[in-house]
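Right, one structure below, let's go through it.
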Amino acid sequence: NIRRLRNAGRRLFWLLLVEASVTPLVVAVAISTIDDVPLSVGLLLATLAVSTAPATVVALVRETRSRGVFVKTLIAAVALNNMACIFLFELARAAGRITLAGEGLASAPLTGAFLSAFSQLSQAVVIGASLAVLTHLISLRMSRVARLETLSLVSLLTTFGIANYADISPLAACLALGVVQTNLAPSRERIVDSVFSDFEPVILCVFFTLAGLHLSLESAASAGMLAIAFVVARVCGKLVAAEVAMRIAGATQRVRRNLGLALIPQAGVAIGLVILIQDDPAFAGIAATFTAVVLTAVTINEIIGPIATRHALVRSGEAGNDRPRLVDFLQEENIATDLDADTMEEAIEQLVALLLRSHELGELDGNLVLQSVMEREAVISTCLGEGLAVPHGELPEGHPMVGVMGLSRRGLRFPTPDGRPVHCMLLLATPRGERDRHLEVLATMARTLGSDPVLQGQLYNADTAAHAYEILHGEATEDFNYFLEDPDASD
């Protein structure tokens, strides 16, 4: 969901750029040291190395009940690197056809291969996006969940069928379907998940079995060294790419130290691309070797990968955090670290705009929300001193309590009880039914920030929204931002 990645754009951009270049390069160099490896196989393996197993990562996140900036970055990174992998793989496949035909890349420039791959993927995106829009328009006339689930399944199968018939990447088309669908109807983003919840294991078993039918033990034995070289080089490439990208992006230490480890699993997309090569007559001469290497590597990666990802989730400090907390409404996308205003009203206007945008409340009248906040501000100032201000207003019934935070390192020169500039503004918007929680948040924020100069210094000087989120949701602030349920309640 693009709206939720507002503050993660820099991290994801650099990760996509660095991972899509460094990881294939490291793998290509490692493979080039092995004798008698066809150029086409090397190209395909180098691009395939970019992919990470989405199902494995999502399953581990759910199993460990993880949530936070690291998980948000990880999930988005997996989606993006699989998109990049599919694009690069199609480019490598087009180049591979040229080399296998004996023409040589020198006589057939890569420009033609690039344009061909780009055209194929553009058509896949158009197919997926069109089916997503059509599905959304039909779903507006439906209310029963069972019918929505059926519609989602039909749209998925139709997308795959059309792409397959047109000889266009069905994986890219289905990715486009999912991306467009979740951004058109955020409230229904889990409908497709619910379609597979009961029989996902069966689908995965069939998927792996179809791929395994083509794995010859003789081929696997002969491809052993190549598979090991691929696995080792890929892991090194992932670790280096994540470290470099996160340093450039200014990510927090938790994200920087753990992201590479969490990206090691490899299965679904890799196997899907293997099946594409098996079905392509142009690669009949290398399909057995390529399949043996990839499936051997997948087997290894699916043994070490989940262990590494679980370790990364625990070490990031976000395992077990997928439980309700007092200020759950403050996620990374709801925090701005560049608040700058000359008056209290101007600052509140900025925060109201952020509130409506980041919480997807576009159906509300922003002027009414602003008026509600300013009316309370006119009665009594919400500047509490110690650099904190907590303006608040009302929402219509039926909406949950929401909020946004604006931070200013230099401070905003507003009238305050102690004369200190305002460094932190927490805007709350609450329906009447959640008045008790509203008061609880106000009291705990005032008590904690008002008496803890260390926390003040950390929060007021946070470089990024991700850093501010980690401060608010870390172990050090559990007395303030406590869990609202017993961690063992579901056991």
Side-chain angles (χ1 to χ4, degrees), residues 3-15 57 60-61 64-78 242-243 245-263 309-339 354 358-359 387-388 402-409 423-427 441 444-445 448-449 452-484 487:
R3 296 183 187 91
R4 296 179 186 172
L5 301 178
R6 187 180 64 88
N7 286 328
R10 181 178 172 83
R11 298 195 300 276
L12 296 174
F13 169 78
W14 282 109
L15 181 64
V57 172
L60 285 165
V61 167
T64 57
R65 301 186 70 181
S66 300
R67 182 174 61 170
V69 171
F70 173 68
V71 169
K72 172 183 172 181
T73 306
L74 173 61
I75 295 295
V78 170
E243 177 70 22
M246 293 302 97
R247 283 190 179 275
I248 295 174
T252 62
Q253 187 177 8
R254 288 183 179 183
V255 176
R256 193 172 67 243
R257 289 177 59 215
N258 297 296
L259 188 57
L261 274 178
L263 292 173
T309 301
R310 176 184 283 275
H311 176 67
L313 290 168
V314 172
R315 194 169 68 168
S316 72
E318 296 185 1
N321 283 353
D322 193 13
R323 293 180 279 141
R325 302 185 83 163
L326 183 63
V327 293
D328 247 357
F329 52 81
L330 278 181
Q331 300 297 311
E332 182 191 9
E333 61 268 23
N334 311 127
I335 302 173
T337 56
D338 56 354
L339 186 63
L354 175 60
S358 64
H359 285 285
L388 177 66
V402 293
V404 292
M405 177 177 283
L407 299 171
S408 171
R409 178 173 292 187
H423 293 277
C424 173
M425 289 186 67
L426 174 64
L427 174 67
V441 171
T444 52
M445 283 291 291
T448 304
L449 285 180
D452 191 339
V454 174
L455 182 59
Q456 289 177 17
Q458 291 176 342
L459 185 61
Y460 296 171
N461 292 285
D463 294 324
T464 63
H467 185 201
Y469 174 89
E470 287 189 355
I471 293 170
L472 290 171
H473 293 263
E475 293 181 3
T477 56
E478 280 190 13
D479 289 341
F480 148 58
N481 185 24
Y482 48 82
F483 291 104
L484 300 177

How far apart are the closest heavy atoms of [X] and [Y], and which atoms are they?
X	Y	result
A312	L261	CB-CB, 4.1 Å
A319	S66	CA-OG, 3.3 Å
A336	L354	CB-CD2, 4.0 Å
A262	F70	CB-CZ, 3.9 Å
S408	L339	CB-O, 3.4 Å

Ignoring hydrogens and geometry, is there a side-chain-to-backbone donor-acceptor pair from [X] to [Y] under 3.5 Å?
X	Y	value
R256	E243	no
R10	G250	no
H423	L407	no
E318	V69	yes
R315	R257	yes
S358	N334	no

Atom [atom1] in [X], atom [atom2] in [Y]: separation rounded to 0.5 Å?
X	Y	atom1	atom2	value
L15	L74	CG	CG	9.5 Å
R11	T73	CZ	OG1	3.5 Å
Q456	I471	CD	CD1	12.0 Å
Q331	Y469	CD	OH	4.5 Å
C424	L388	SG	CG	5.5 Å
W14	R247	CH2	CZ	15.0 Å

Margin query: Are the side chains of V61 and I75 in contact, using a 4.5 Å heavy-atom criterion?
Written below: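 They are in side-chain contact.
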Note to self: Less than 4.5 Å apart, side chain to side chain, heavy atoms only: is that true for Q458 and H467?
What the structure shows: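 Counting from C-beta outward, Q458 and H467 never come under 4.5 Å.
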Next item on the list: Could you point out which residue of L60, V57, N258 forms a side-chain contact (heavy atoms from CB on, under 4.5 Å) with L313?
Entry: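 Answer after filtering L60, V57, N258: L60.
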Notebook entry, point to check: What's the verdict on side chain to side chain contact (heavy atoms under 4.5 Å, CB included) for V404 and H359, showing C-alpha distance, side-chain angles and the deciding distance?
Noted result: CA-CA 9 Å; V404 292; H359 285 285; 4.1 Å; yes
Next item on the list: Please check if any side-chain donor atom of S316 sits under 3.5 Å from a side-chain acceptor atom of R254, or the reverse.
Entry: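 R254 and S316 do not have a side-chain donor-acceptor pair below 3.5 Å.
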